Amino acid sequence: MSSLIKNYVNRVDFDSYDDFKKNFDFKVPENFNFAYDVVDRYAKENPEKIALVWCNDEGEEESFTFEEMKRYSDKAANLIKSYNIKKGDKVMLTLKNRYEFWFTIIALHKIGAIPIPATHMLKKKDIVYRIEKATITMIISVDDPQLLAEFDKSESELGVNLKKLVVSGSGNSFEGWDDFKSSLEKADDKFNRPTGEEATKNQDIMIIYFSSGTSGQPKMVAHDFVYPISHIITSKYWHNAIEDGLHHTSADTGWMKAVWGGLYGQWIVGTGVFIYDYDRFNALNLVEKLEKYKVNTFCAPPTIYRFLIKEDLSKYDFSNLKYCTTAGEPLNPEVYNKVQDIFGLKLKEAFGQTETVVSIANFIWMDPKPGSMGKPAPIFDVELLDDNYNNVDVGDEGEISLKIDSIPPGLFMGYYRDEEKTKEVWHDGYYSTGDTAWKDEDGYLWFVGRIDDIIKSSGYRIGPFEVESALISHPSVLECAITGTPDTIRGQIVKATIVLVKGYEPSDELKKELQNHVKKETAPYKYPRVIEFVDELPKTISGKIRRVAIRNEDKNISNDN
């Protein structure tokens, strides 16, 4: 059986990007539910089709067909229902990349309960904030003792009684937590699709992710039941996923990139999903898994590619790997060039947010320009606007804004329980992303930075990304963050916070060398007048660099002086 994509789009194949942009459209059925209309349909019509291939660093591996995925998600739905969880209830999932995540999220879609995936790195204050904000009633978690203790402390502080299930790989029991595995085995393996008031509708909330919170507290981003269909664009026309192939996106399930690249679109277009569940990232271990399991299409943030290209990969066979993509942060041209040298593939970048599906990308027909995000997706009218909501000229910076006449699949419903924040970004017929870019004469868009991250120095506006790209091209730099730091004469000056490649040591000589390197790579006025070497950069729990933390620390030092 072929994939299900034809059920949800007006056309599958296009001759060019222009054809795609002009003629692509979705076909949205009434009351679509991914769990029943994709997972269970495959289970009925092609039960042996591979849905998920999973492994970890302990040598364990599992493979699940759609028939098995239906069976386990039905059992999980019955198990969760036994705790009186019903449509609209919120359930937090901190399951890392355990395969049980896929059982439970599909089960919750079947019930109509709302999954709130989260990272296992949460601390008590993060958990308390999320439980209160979302009114979470149930937790399903991995058996990380430290994480379970944080949940228990949060429960005690709030004075609530949460329903708690633990997925224990070790088989250990934990006081106050019911064992997921043994309970799942006992659960009935038949779950009937709800009817009447308990049935889901397209406009119901299907999933909530907390935004990464690079500045301020995370917001609750709500998506409806049509959302999975929108990821056809992600998987078919950006990832280039193939029928009965195997796709891997490197992402923890606590980050929305996991469902961008590890669930919805991939299964609709008929490719299997490969999941590598590790405790500590190791570039060579990842490469070995890509080779062993014959992964065909691969997506990862630029950070992972930066680690990969620092290794000697000459002994590995990448003949099965046909396509590479990247998103989550801007792509440095240096990384693009080295990936092409190693893999023989052109790395296709894209831009999107927790609030959207892929909005801008180097789609499959396009020849990428290293460092460019690409061109707009067909479902979005992307405009670059100035402060007065006027379109900027070619070559000028503007805020990436999505013109909204009617809400397309893939755009969020709003920030859950925060109408004020929703109105801040969604008004005057636009959704304002908070990110800036410029457009070249060929229509390609180039990322500049978050509005809050733009540096204003001596009358110049300096985006951090260009300076970071210049620094990354130096062999000593593994990671870096560019920020503006206070200066009495210039207002702000450019500061570089740098993590060095192993084997390099901080020195005044290296600082000077890096400054001169930036002057050669980009406009000289953009060079970092201040350089600080650090062991690691401050990041959100989803891995994004928190430039605001660096700026705040500099402000505190300035105030102290």
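Fair warning: this is a prediction, and the values are worked out from it, not measured in the lab.
- Screening His231, His223, His239 for a ring-ring contact (aromatic ring centres under 6.0 Å, His included) involving Trp260 leaves a single residue, His231.
- Tyr415 and Glu420 share no side-chain donor-acceptor pair at under 3.5 Å.
- Using the six-membered ring where Trp is involved, Phe412 and Trp426 have ring planes that are parallel, under 30° apart on the 30 and 60° scheme.
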Salt bridge (charged side-chain N to carboxylate O under 4.0 Å, His left out), that's the test. Do Lys219 and Glu424 meet it? Break it down for me.
CA-CA 13 Å; Lys219 301 176 287 292; Glu424 283 181 17; over 6 Å; no

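- Crowding of Lys348 atom NZ: a count of heavy atoms from other residues, nucleotides or ligands under 6.0 Å exceeding 12.
- Atom CG of Leu108 and atom NZ of Lys81 lie 11.5 Å apart (nearest 0.5 Å).
- With respect to Lys133 and Asp418, no salt bridge is recorded, no charged nitrogen being found less than 4.0 Å from a carboxylate O.
- Between Glu399 and Tyr430, the side chains place no donor N or O within less than 3.5 Å of an acceptor N or O (distance only, hydrogens not considered).
- Note: Phe298 and Tyr305 meet the aromatic proximity criterion, with ring centroids under 6.0 Å apart.
- Counting heavy-atom neighbours within 6.0 Å of Lys421 NZ, excluding the residue itself, gives a total of 12 or less.
- If you check the side chains of Thr137 and Asp89, you find no donor sitting under 3.5 Å from an acceptor.
- Under the 30°/60° scheme for interplanar angles, the aromatic rings of Trp267 and Phe34 are found to lie parallel.
- A ring-centre distance under 6.0 Å is found for Phe103 and Phe64.
- Panel note: side chain Asn296, backbone Leu246; a donor-acceptor pair is recorded below 3.5 Å.
- Asp152 and Trp177 share a donor-acceptor pair across their side chains, judged by distance under 3.5 Å alone.
- Between Trp446 and Trp438, the ring-plane angle classifies as parallel under the 30° and 60° cut-offs.
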Check your understanding: Run the salt bridge (charged side-chain N to carboxylate O under 4.0 Å, His left out) check on Arg193 and Asp40 step by step: do they pass?
Key -> CA-CA 10 Å; Arg193 186 170 187 166; Asp40 287 7; over 6 Å; no

Acceptor/donor pairs from residues 273-281 side chains to any protein atom, 3.5 angstrom cut, sequence neighbours excluded:
| residue | atom | partner | partner atom | Å |
| --- | --- | --- | --- | --- |
| Tyr276 | OH | Asp57 | OD1 | 2.5 |
| Tyr276 | OH | Asp57 | OD2 | 3.1 |
| Asp279 | OD1 | Lys96 | NZ | 2.4 |

Open item on the list: If you apply the rule salt bridge (charged side-chain N to carboxylate O under 4.0 Å, His left out), what do you find for Glu62 with Arg98, and how did you get there?
Closed with: CA-CA 11 Å; Glu62 299 284 350; Arg98 288 291 308 177; over 6 Å; no

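- A cation-pi geometry, defined here as NZ or CZ lying under 6.0 Å from the six-membered ring centre and within 45° of its normal, holds between Lys369 and Tyr444.
- Here the straight-line distance linking atom CD1 of Ile136 with atom NZ of Lys163 works out to 13.0 Å at 0.5 Å rounding.
- By the 6.0 Å contact criterion, NZ on Lys201 is enclosed, its count of non-hydrogen atoms from other residues, nucleotides or ligands being greater than 12.
- With Tyr8 as the fixed residue, the side chain to side chain contact (heavy atoms under 4.5 Å, CB included) test singles out one of Leu4, Val12, Asn10, Ile5: Leu4.
- Between Tyr42 and Phe66, the two ring planes are tilted [angle within 30° to 60°].
- In this structure a side-chain-to-backbone donor-acceptor pair under 3.5 Å is present from Ser359 to Val357.
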